[in-house]
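Single-structure report; data block below.
Each residue takes its place number in the sequence, starting with 1. Computed from a predicted model, the values in this text were never measured in an experiment.
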Amino acid sequence: MTKIKNLSEILSTRKTVKTFNSKFFFNPDSYAERFANLFDIPKDKRKRFYDAFRIVTEGQGNELGKINSLKSSSLLSLLTFYPLFDNEDQNKGIIINDKKYYKCFFEVRNRVIKLPSCIDVVLVSKDGELLFLESKFSEYVDGAANSIDLKKGYVDLYTRYITTDVLSPLKISNEQNKTLLSAAPGEMRYIEGIKQSISHLIGLIRGPQFCKQGYYPKSYFKSYQDAYESSTKLIYGTIIFDLGSLGIIQDAFNNYNKLYSEIIGARGGMIVDAIRRWDCFMEKNNKNKTLEILPTPLTYQTIFSGDDNPNDSLLTGSIREFYGL
């Protein structure tokens with residue numbers, strides 16, 4: 001048995017006490033194995049899980065520091081979709097909206113303005129459709145706010161092309177030299193989720209971008225790029241964990257579900273048209289892929305729960321029990 005060092009001995013190897021918080025009890029390299037053991041990942045699927053774990057946790061979002069949390073959205077999507085990571089067997093897959101998707105990418109990068117946007121999950125169908133899913137666990141509770149700042153690179157898009165009418169019930173305003181996307185006075189809404197979806201739509205229009213930051217192998221990027229270039233249709237959606245299914249915070253789920261459906265779901269086509277007009281002006285290289293937006297969020301409960309669910313075999317009993325699926 002390995003004996004833990006004395007704390008003073010550990011600190012003696014650090015140049016300053018300020019670097020103390022960068023020391024972990026466990027080597028991060030062992031995290032994937034610990035999660036695999038905890039959730040009973042089958043031995044024949046462990047390499048796939050480990051490879052996916054690295055893509056998810058060593059990208060530009062520093063998810064390795066966040067994944068060791070009960071409410072990690074990255075861990076949730078990894079545990080539920082990893083069986084399709086790098087899968088080439090088209091007889092296996094997941095059924096969503098009556099369509100089978102057999103292959104999965106995690107954390108793909110698309111060009112936006114400076115850093116690329118990273119979408120949590122991309123599923124590939126046999127006929128070449130790509131379903132892009134932004135995953136949410138508790139963000140719609142933790143991230144609720146009355147307003148958020150729009151960065152300068154996005155102000156022209158929001159103020160000249162998308163406009164307040166499309167974003168209603170949210171509004172765009174200028175206060176103290178800042179451009180804000182706001183809810184009604186006194187309301188707390190998950191506005192960041194709407195802004196993030198619009199950024200992802202920009203990325204889907206502009207296409208894949210290779211970025212050296214973090215772990216993003218060129219071969220992995222090329223595989224995603226090939227799937228994007230040969231795709232017959234791009235579909236964008238979000239998949240949410242309904243915390244109300246656990247008997248808590250039902251209002252927060254209903255609130256974001258409604259906000260997302262009203263803006264991204266109902267007016268997504270208008271937003272895409274606005275992005276294309278703005279993108280033509282800004283970049284002169286507008287993509288013309290067919291882009292569809294799901295009208296309402298998917299939920300982990302509807303995709304993975306219920307009797308005779310066709311996706312039942314994707315989850316281990318431990319995953320299903322932990323998340324109540």
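Of the possible polar contacts, none joining the R160 side chain to the W278 backbone as a donor-acceptor pair under 3.5 Å is found. Judged by distance alone, with hydrogens and angles left aside, the side-chain atoms of S199 form no donor-acceptor pair with the main-chain N or O of V112 at under 3.5 Å. Side-chain N or O atoms of T316 include one that pairs as donor or acceptor with a backbone N or O of I319 at under 3.5 Å. A donor-acceptor pair under 3.5 Å links the side-chain atoms of D242 to the main chain of G244, judged by distance alone. Panel note: side chain S261, backbone N257; a donor-acceptor pair is recorded below 3.5 Å. No donor-acceptor pair under 3.5 Å is formed between the side chain of S223 and the backbone N or O of S219. In terms of modelled atom types and a separation under 3.5 Å, the side chain of Y228 and the main chain of L204 share a donor-acceptor contact.
Residues in residues 211-226 take part in these salt bridge (Lys or Arg N to Asp or Glu O under 4.0 Å) pairs, two or more places apart or across chains: K222-D226. Sorted by first and then second residue, the salt bridge (Lys or Arg N to Asp or Glu O under 4.0 Å) pairs involving residues 190-202 (not counting sequence neighbours) are E192-K195. For residues 252-273, every residue pair satisfying the salt bridge (Lys or Arg N to Asp or Glu O under 4.0 Å) rule, not counting sequence neighbours, is listed here: K258-E262. Residue pairs meeting the salt bridge (Lys or Arg N to Asp or Glu O under 4.0 Å) criterion with at least one member in residues 73-89, sequence neighbours excluded: E88-K103.
Listed by chain and residue number, D142 satisfy the salt bridge (Lys or Arg N to Asp or Glu O under 4.0 Å) test with K71 (two or more places apart in sequence, or in another chain). Legend: residues meeting side-chain contact (heavy atoms from CB on, under 4.5 Å) with T163, ordered by chain and number and at least two apart, are D165, V166. By the ring-ring contact (aromatic ring centres under 6.0 Å, His included) test, F81 is found to be paired with F304, residues two or more places apart in sequence or in another chain being considered. Every residue meeting the side-chain hydrogen bond (donor to acceptor under 3.5 Å, both in side chains) condition with E292, not counting sequence neighbours, appears here in chain and number order: K233. When the side-chain hydrogen bond (donor to acceptor under 3.5 Å, both in side chains) test is applied to Y154, no partner is found at least two apart in sequence or on another chain. Shown here are the ring-ring contact (aromatic ring centres under 6.0 Å, His included) partners of Y102, two or more places apart in sequence or in another chain: there are none.
The hydrophobic clustering, which links ILVMFWY residues whose side-chain heavy atoms are closer than 4.5 Å, places L115 and I55 apart. Linking ILVMFWY residues whenever their side-chain heavy atoms come closer than 4.5 Å, directly or via other members, leaves I95 and I303 in distinct clusters. Note on F210: it clusters hydrophobically with L130, by side-chain heavy-atom contacts below 4.5 Å among ILVMFWY residues.
The distance from the OG atom of S231 to the CG atom of L291 is 10.0 Å, given to the nearest 0.5 Å. Note: I191 CD1 to L259 CG = 7.5 Å, rounded to the nearest 0.5 Å. In this structure, CD in E107 is found 13.5 Å from OH in Y215, a value given to the nearest 0.5 Å. The distance from atom CG of L123 to atom CD1 of I239, rounded to the nearest 0.5 Å, is 8.5 Å. The CZ atom of F253 lies 6.5 Å from the CD atom of Q250; values are rounded to the nearest 0.5 Å. A distance of 10.0 Å separates CZ of R109 from CZ of F221, quoted to the nearest 0.5 Å.
Using a 4.5 Å cut-off on side-chain heavy atoms (C-beta onward), I67 and F35 make contact. L78 has its side chain within reach of F53: a pair of non-hydrogen atoms, C-beta onward, lies under 4.5 Å apart. Counting heavy atoms from C-beta outward, T80 and L314 have side chains that stay 4.5 Å or more apart. Y158 has its side chain within reach of I198: a pair of non-hydrogen atoms, C-beta onward, lies under 4.5 Å apart. With contacts defined as side-chain heavy-atom distances shorter than 4.5 Å, the pair F132/H200 does not qualify. Considering only heavy atoms from C-beta on, Y161 comes within 4.5 Å of D156 through its side chain. Taking 4.5 Å as the limit, some side-chain heavy atom of L157 sits within range of a side-chain heavy atom of I275. Annotation: side chain of I263 is in contact with side chain of L167 (closest heavy-atom distance under 4.5 Å).
For E321, the CD atom sits in a loose shell: 12 or fewer heavy atoms of surrounding residues, nucleotides or ligands are nearer than 6.0 Å.
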Could you tabulate the donor-acceptor pairs under 3.5 Å formed by side-chain atoms of residues 37-48, not counting sequence neighbours?
unit_1: N37; atom_1: OD1; unit_2: R46; atom_2: NH1; d: 2.7
unit_1: N37; atom_1: OD1; unit_2: R46; atom_2: NH2; d: 3.1
unit_1: N37; atom_1: ND2; unit_2: E33; atom_2: O; d: 3.3
unit_1: D40; atom_1: OD2; unit_2: S318; atom_2: OG; d: 2.3
unit_1: R46; atom_1: NE; unit_2: I41; atom_2: O; d: 2.9
unit_1: R46; atom_1: NH2; unit_2: A36; atom_2: O; d: 3.3
unit_1: R46; atom_1: NH2; unit_2: I41; atom_2: O; d: 3.3
unit_1: K47; atom_1: NZ; unit_2: D51; atom_2: OD2; d: 2.8
unit_1: R48; atom_1: NE; unit_2: F85; atom_2: O; d: 3.2
unit_1: R48; atom_1: NH1; unit_2: P83; atom_2: O; d: 2.5

Please list, one pair per line, the donor and acceptor atoms closer than 3.5 Å that link side chains of residues 175-188 to other protein atoms, with sequence neighbours excluded.
unit_1: T179; atom_1: OG1; unit_2: N174; atom_2: OD1; d: 2.9
unit_1: E187; atom_1: OE1; unit_2: R189; atom_2: NH1; d: 3.1

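Between F241 and F137, the ring center distance clears the sub-6.0 Å criterion.
Heavy atoms only, all atoms of each residue included: N309 and T302 are closest at ND2-O, 3.9 Å. The shortest heavy-atom contact between G153 and I113 is O-CD1, 3.2 Å. Of all the heavy atoms in Q301 and I240, the pair that sits closest is OE1-O, 4.0 Å. In terms of heavy atoms, L294 sits closest to Y260 at O-CE2, 4.5 Å. Across all non-hydrogen atoms, the minimal contact from L79 to L315 is O-CD2, 4.2 Å. Closest approach of D127 and K99 over heavy atoms only: OD2-NZ, 2.7 Å.
When only modelled atom types and interatomic distance are considered, Y224 and N110 share a side-chain donor-acceptor pair under 3.5 Å.
Exactly one of S135, S77, S305 qualifies for a side chain to side chain donor-acceptor pair (under 3.5 Å) with Y300. That residue is S135.
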### Task
Decide yes or no on side-chain contact (heavy atoms from CB on, under 4.5 Å) for V121 and C104, but give the supporting numbers first.
CA-CA 7 Å; V121 180; C104 166; 4.0 Å; yes

### Message
With side-chain contact (heavy atoms from CB on, under 4.5 Å) as the criterion, how do S74 and T57 come out once you've worked through the C-alpha distance, each side chain's angles and the decisive distance to 0.1 Å?
### Response
CA-CA 8 Å; S74 296; T57 60; over 6 Å; no

### Task
Evaluate side-chain contact (heavy atoms from CB on, under 4.5 Å) for I293 paired with L201, printing each intermediate quantity in order.
CA-CA 9 Å; I293 299 174; L201 292 174; 3.9 Å; yes

### Query
How far apart are the C-alpha atoms of D279 and I202, what are their side-chain angles, what is the distance that settles it, and do they pass the side-chain contact (heavy atoms from CB on, under 4.5 Å) test?
CA-CA 8 Å; D279 190 53; I202 296 171; 5.6 Å; no

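Using a cut-off of 4.0 Å between Lys/Arg side-chain N and Asp/Glu carboxylate O, K136 and E134 are scored as salt-bridged.
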